[in-house]
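Below is one structure, written out as structure tokens, with a few remarks after it.
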Number of protein chains: 2
Amino acid sequence: MKNEDLRAQFQIMTRHFGFLNKSCCSAGGFDISLIQSHILYEIDHQHKASVQKVADVLGTDITTFSRQIQSLIKMNLVKKTPDPDDRRVYILSLTTEGTYVATSIDQQINAYLNEVFSHMNEFEQETVIRSIKLLNNAMTKSSVCCTPPLG
Amino acid sequence: MKNEDLRAQFQIMTRHFGFLNKSCCSAGGFDISLIQSHILYEIDHQHKASVQKVADVLGTDITTFSRQIQSLIKMNLVKKTPDPDDRRVYILSLTTEGTYVATSIDQQINAYLNEVFSHMNEFEQETVIRSIKLLNNAMTKSSVCCTPPLG
DNA sequence: TTATTTATTTGCATTTTGCAATTATAAAAC
DNA sequence: GTTTTATAATTGCAAAATGCAAATAAATAA
């Protein structure tokens, strides 16, 4: 494999995903930004998601993140509960409406992805899915890049 | 394949790439933002890259893009040449320093990617590369998302 | 008890963004 | 050939997003 090829393919993929994400998402009367959809996703998937924890996972500056959460609270999609075990900490969770919006975004993105996958045959689809898992795995193992504290 | 799985894997991959990109890049004494690296890449790879054309490819608002170019010109990485065939148009190109910076970024990203790929065996590496090409292909074909005018 | 560390929020100044309007040129209509 | 319309690029402005430094509050270490 040639290196230039490698970077080019990743660049193109990143570009495509950028567009996919831009076209997403409206739900429950709100336009949800890419960042917001990631926050909702992460709150939904983490156990006892504190402000700090989610900010770390997303790699967002904590002060910026604090304000992002404030606007999601104002939109009534997220709520903040004091952690009984440590009163400095707030646990984030989705409101009923937030859960609805998160589910709706999930469906929209899945619809996009399914449409994309429909241009491949079944064998290719499975290869691609397996590959993305391989890649995610490799990136998790990587020391020089790609994971939260980052390097 | 389960849909939830699909979205989750893509979400994770997007996250990883976000980190990879954040840690990139410094070159020629400049900190180059993700957006700037994409602009440099695109100018380098397009034939007769006009302001409008590159903005479209990147999906950036033209007014924002115009200003992004201005700062790259100020950094002496990009230059603007009037198109002799249409005097409304400016053709973008990299300066010598811009070419150096673009090459350097290319090497940095390739180094990251190679490190990531080193956590896979050769067969997996080839599968992943082939899959990314398949995926890019499918996204190009997609009507609902992922490509410039977008949908 | 005091000092230090950690979680979160606010103040403020900088940067980024995008819509509306402007300028300049090209192409189309008449 | 002049007027209208369309296109490329830039600028004005006001809103939004960003991040550092500082503040507050609570936990842990000395």
Side-chain angles (χ1 to χ4, degrees), chain A residues 18-19 21-24 26 30-40 42-43 46-75 77-93 148-150, chain B residues 18-19 21-24 26 30-40 42-43 46-75 77-93 148-150:
Chain A
F19 280 105
N21 284 318
K22 236 175 227 175
S23 61
C24 193
S26 284
F30 295 113
D31 273 339
I32 306 293
S33 74
L34 174 59
I35 290 171
Q36 288 174 333
S37 81
H38 274 251
I39 296 174
L40 295 178
E42 216 47 62
I43 291 176
Q46 283 208 13
H47 178 66
K48 293 238 171 196
S50 73
V51 175
Q52 182 79 273
K53 205 161 141 197
V54 178
D56 281 351
V57 170
L58 296 176
T60 312
D61 177 271
I62 183 71
T63 71
T64 300
F65 186 74
S66 175
R67 275 180 267 250
Q68 285 166 345
I69 289 298
Q70 284 171 39
S71 55
L72 287 169
I73 289 174
K74 207 168 287 168
M75 293 159 85
L77 301 179
V78 167
K79 62 175 184 283
K80 241 175 33 182
T81 317
D83 184 344
D85 299 334
D86 184 339
R87 292 194 297 171
R88 292 169 305 179
V89 175
Y90 284 94
I91 303 298
L92 302 172
S93 59
L150 102 83
Chain B
F19 279 106
N21 284 317
K22 236 176 228 173
S23 60
C24 193
S26 282
F30 295 114
D31 273 339
I32 305 294
S33 75
L34 174 59
I35 290 171
Q36 289 174 332
S37 82
H38 275 250
I39 296 173
L40 295 178
E42 215 48 60
I43 291 176
Q46 282 208 14
H47 177 66
K48 291 236 169 196
S50 74
V51 175
Q52 184 74 56
K53 204 161 142 197
V54 178
D56 281 352
V57 171
L58 296 175
T60 313
D61 178 88
I62 182 71
T63 71
T64 300
F65 185 74
S66 174
R67 275 180 267 249
Q68 286 166 342
I69 289 299
Q70 283 171 40
S71 55
L72 287 169
I73 289 174
K74 207 168 288 169
M75 293 159 85
L77 302 179
V78 168
K79 63 172 181 286
K80 239 173 38 182
T81 317
D83 184 344
D85 298 336
D86 184 338
R87 291 196 296 172
R88 292 170 304 178
V89 174
Y90 284 94
I91 303 298
L92 302 172
S93 59
L150 102 84

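All values below were derived from every heavy atom in this structure, side-chain atoms included, with hydrogens, water molecules and symmetry-related copies excluded. All chains are named by letter (A, B, ...) in the order of the sequence lines, taking the proteins before the strands, and each is independently numbered beginning at 1.
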Spacing between B:Arg67 atom CZ and D:dT10 atom C1', to the nearest angstrom = 8 Å
task = List the atom of A:Lys53, the atom of A:His47, and the distance in Å for their closest heavy-atom pair.
result = NZ-O, 2.8 Å
message = From C-beta outward on B:Asp61, which listed nucleotide comes closest to its side chain: C:dC19, D:dA9, C:dT17?
response = C:dC19
ask   = So does B:Lys80 get a side-chain nitrogen or oxygen closer than 4.0 Å to the phosphate oxygens (OP1/OP2) of D:dT10?
value = yes
task = Give the rounded distance in Å between these two atoms: CD1 of A:Ile35 and P of D:dA17.
result = 8 Å
key: Closest nucleotide among C:dT10, C:dA20, C:dT8 to the B:Thr63 side chain   = C:dA20
task = Starting from C1' on C:dT8, measure out to CZ on A:Phe65 and report it in whole angstrom.
result = 12 Å
remark   = On a heavy-atom basis, the closest approach of B:Ser50 and B:Val89 is CB-CG1, 3.7 Å
query = Over how many whole Å does the gap from B:Asp56 atom CG to D:dT7 atom C1' extend?
reply = 12 Å
ask   = Do A:Arg88 side-chain and C:dT8 base share a donor-acceptor contact under 3.5 Å?
value = no
key: Closest contact, heavy atoms only, B:Ile39 versus B:Leu58   = CG1-CD1, 3.6 Å
ask   = Does any donor-acceptor pair link the side chain of B:Arg87 with the base of C:dT25 at a separation under 3.5 Å?
value = no
remark   = Rounded to whole Å, the CG-C1' distance (A:Asp85 to D:dT28) equals 15 Å
ask   = Does B:Gln70 put a side-chain nitrogen or oxygen below 4.0 Å from OP1 or OP2 of D:dT11?
value = yes
message = For a quick test of reading the model: is some side-chain N or O of B:Thr64 closer than 4.0 Å to OP1 or OP2 of C:dG18?
response = yes
query = Separation of B:Leu92 atom CG from D:dT10 atom P, in whole Å?
reply = 8 Å
note = Note: A:Ile62 and A:Ala55 closest approach over all heavy atoms is CD1-CB, 3.9 Å
message = Distance check needed: C:dG18 P versus B:Leu58 CG, whole Å only.
response = 13 Å
inquiry  = Looking at every non-hydrogen atom in both residues, tell me the closest pair between B:Gln46 and B:Ala49 and how far apart they are.
reply    = CB-CB, 3.9 Å
request  = Quickly work out the B:Tyr90 OH to C:dA26 P distance and round it to whole Å.
outcome  = 11 Å
key: Nearest to side-chain heavy atoms of B:Ile62, which nucleotide of C:dT9, D:dT10, C:dC19   = D:dT10
